[in-house]
Amino acid sequence: MLQLVQSSLWLQITIVLLWLGVVGMTADTLHRRTPAGPEIIRKVVHMGVGNVILLAWWLEIPAWLGVSASILFSAIALLSYRLPILPVINTVGRKSLGTFFYAISFAILIAWFWALQMPQYAAVGILIMTWGDGMAALVGQRFGRNLYKLWGMQKTWEGSCAMAMVSYGVSSGILWAVQGNVWQTWLVPVGIALGATTLEAFSKLGIDNLTVPVGSAAIAFWLNQLGPI
């Protein structure tokens, strides 16, 4: 039995590492063979790595392993600000601890929702950050024409709208997959999307990589308890 558990664990780890390898090779190819700037490449890594939460959920990776890996990566992220460990995602021309906060958010959400046996909420939080924030940045840079400022930060309404729309789509899709066609599946994501977009707009120095996933997951969890399913 122990040997079976160990072999299953190694298979889980191998699948995750293979996916991360694909993400890394994609980023390296973009860096070497295309004119994509550091910010675009950083978002590709950001969005690719975020999907690991789905693998962790579907493969039923143990909480201790997910939390340990997240803490390890957060330490690597901190070191990378002193050493050239993660040059692709740290050379974006602005001061940010986003990579560190991103890893910490994985640890918090896995520890929280794996213990409750409700990994869908961890997936909601991480994927809203992964796809919502990623698309907000890309849409804002490419199509942003209408600007606004908060706390000295310049945002675009186009980017914020993309954040809200993707957040709604991600959260409603995950809730529908878990609980089916009930009222929470379609109404709760409205609150999630508004909360996530607000948190993203007000966050500075990369802390949105912590506030958005944790805040979105908390909103999803609490709002979904408002009535019987």
Checklist entry - Looking only at heavy atoms, what is the nearest atom pair of W112 and A218, with distance? => result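 Heavy-atom minimum between the residues: CH2-CB, 3.8 Å.
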Item to check | Heavy-atom closest contact (P189 atom, Q184 atom, distance) | outcome: CD-O, 3.3 Å
I'd like to check the ring-ring contact (aromatic ring centres under 6.0 Å, His included) partners of [X]; sequence neighbours left out, ordered by chain and number.
| X | value |
| --- | --- |
| F221 | F113, Y121 |
| Y168 | none |
| W157 | Y148 |

Checklist entry - Can you list every salt bridge (Lys or Arg N to Asp or Glu O under 4.0 Å) pair that touches residues 187-201, not counting sequence neighbours? => result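 Salt bridge (Lys or Arg N to Asp or Glu O under 4.0 Å) check on residues 187-201 returns K155-E200.
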Next on the checklist: Tell me which pairs pass salt bridge (Lys or Arg N to Asp or Glu O under 4.0 Å) where either residue lies in residues 127-137, with sequence neighbours left out.
Outcome noted: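 Sorted pair list: K43-D133.
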What side-chain donor-acceptor pairs closer than 3.5 Å can you find for residues 63-71, not counting sequence neighbours?
from	atom 1	to	atom 2	distance (Å)
S68	OG	W64	O	2.6
S70	OG	G66	O	2.8

What residues form a side chain to side chain contact (heavy atoms under 4.5 Å, CB included) with [X], not counting sequence neighbours?
| X | result |
| --- | --- |
| L147 | Q154, T156 |
| T130 | M47, Y102, I126, L127 |
| W19 | V23, N51, V52, L55 |
| A162 | V139 |

Checklist outcome for this item: Students should find that the hydrophobic cluster of M165, defined by side-chain heavy atoms under 4.5 Å apart, otherwise consists of none
Checklist entry - Remaining members of L18's ILVMFWY cluster at a side-chain heavy-atom cut-off under 4.5 Å? => result none
Next on the checklist: Quick check against the 3.5 Å criterion: does S167 have a side-chain atom that pairs as donor or acceptor with the backbone of I128?
Outcome noted: no
Checklist entry - Hey, does W186 have a side-chain heavy atom less than 4.5 Å from the side chain of N181? => result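 With C-beta onward as the side chain, the pair touches.
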Next on the checklist: What I'd like to find out is whether the side chain of I61 reaches to under 4.5 Å of the side chain of I110, using heavy atoms alone.
Outcome noted: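 In short, these two side chains do not touch, never coming nearer than 4.5 Å.
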Checklist entry - Do I104 and L78 share a hydrophobic cluster, counting only Ile, Leu, Val, Met, Phe, Trp and Tyr and linking them when any side-chain heavy atoms are less than 4.5 Å apart? => result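 Same cluster: I104 reaches L78 through Ile, Leu, Val, Met, Phe, Trp or Tyr contacts under 4.5 Å.
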